[in-house]
Amino acid sequence: MENIIAAILFAVLTAAGTLGVSSIGMFIFHRNADDRDAEQRARFEYGFFGLAGLVVMLLMWYAL
């Protein structure tokens, strides 16, 4: 039970890293030929969440 904090930090690290990398992948590969405005909004959101996920992952890595 003494390493429960490290386990929780590792769980947050892996979850944030997975979501960050997958959001960056969606930022790169997402295409919507019908509506350019909707595509740009979606790509902006994917980029923001991808960057935020990677920042949280790096913070948890530092916390470990």
For this session: Measure across Leu64 and Ala6 and return the closest heavy-atom pair with its distance rounded to 0.1 Å.
Result: CD2-O, 3.6 Å
Problem set entry | Distance in Å, Phe49 CZ paired with Phe44 CZ, rounded so as to fall on 0.5 Å steps | 10.0 Å
Exercise. Just how far is it from atom CG of Leu59 to atom CG of Leu54, taken to the nearest 0.5 Å?
Worked result: 11.0 Å
Problem set entry | Value rounded to 0.5 Å, distance of CD1 in Ile4 from CG in Leu9 | 10.5 Å
For this session: Report yes or no: do Met26 and Val56 belong to one cluster of Ile/Leu/Val/Met/Phe/Trp/Tyr joined by side chain heavy-atom distances under 4.5 Å?
Result: yes
For this session: Determine whether Met60 and Ile5 fall in the same hydrophobic cluster, where Ile, Leu, Val, Met, Phe, Trp and Tyr are linked whenever their side-chain heavy atoms lie under 4.5 Å apart.
Result: yes
Exercise. Are any side-chain N or O atoms of Thr14 and backbone N or O atoms of Ala11, one a donor and one an acceptor, separated by less than 3.5 Å?
Worked result: yes
For this session: Treating Ile, Leu, Val, Met, Phe, Trp and Tyr as nodes and any side-chain heavy-atom pair under 4.5 angstrom as an edge, say whether Phe48 and Phe27 lie in one connected cluster.
Result: no
Exercise. Which value, rounded to the nearest 0.5 Å, describes the distance between Leu51 atom CG and Ile24 atom CD1?
Worked result: 6.5 Å
For this session: Can you tell me which residue pairs pass the side-chain hydrogen bond (donor to acceptor under 3.5 Å, both in side chains) test with a partner in residues 36-57, sequence neighbours excluded?
Result: Arg36-Glu39
Exercise. Any link between Phe10 and Tyr62 through a network of hydrophobic side chains (Ile, Leu, Val, Met, Phe, Trp, Tyr) touching at under 4.5 Å?
Worked result: no
Seminar exercise, completed: Looking only at heavy atoms, the pair that brings Gly17 and Met57 closest together is CA-SD, 3.5 Å
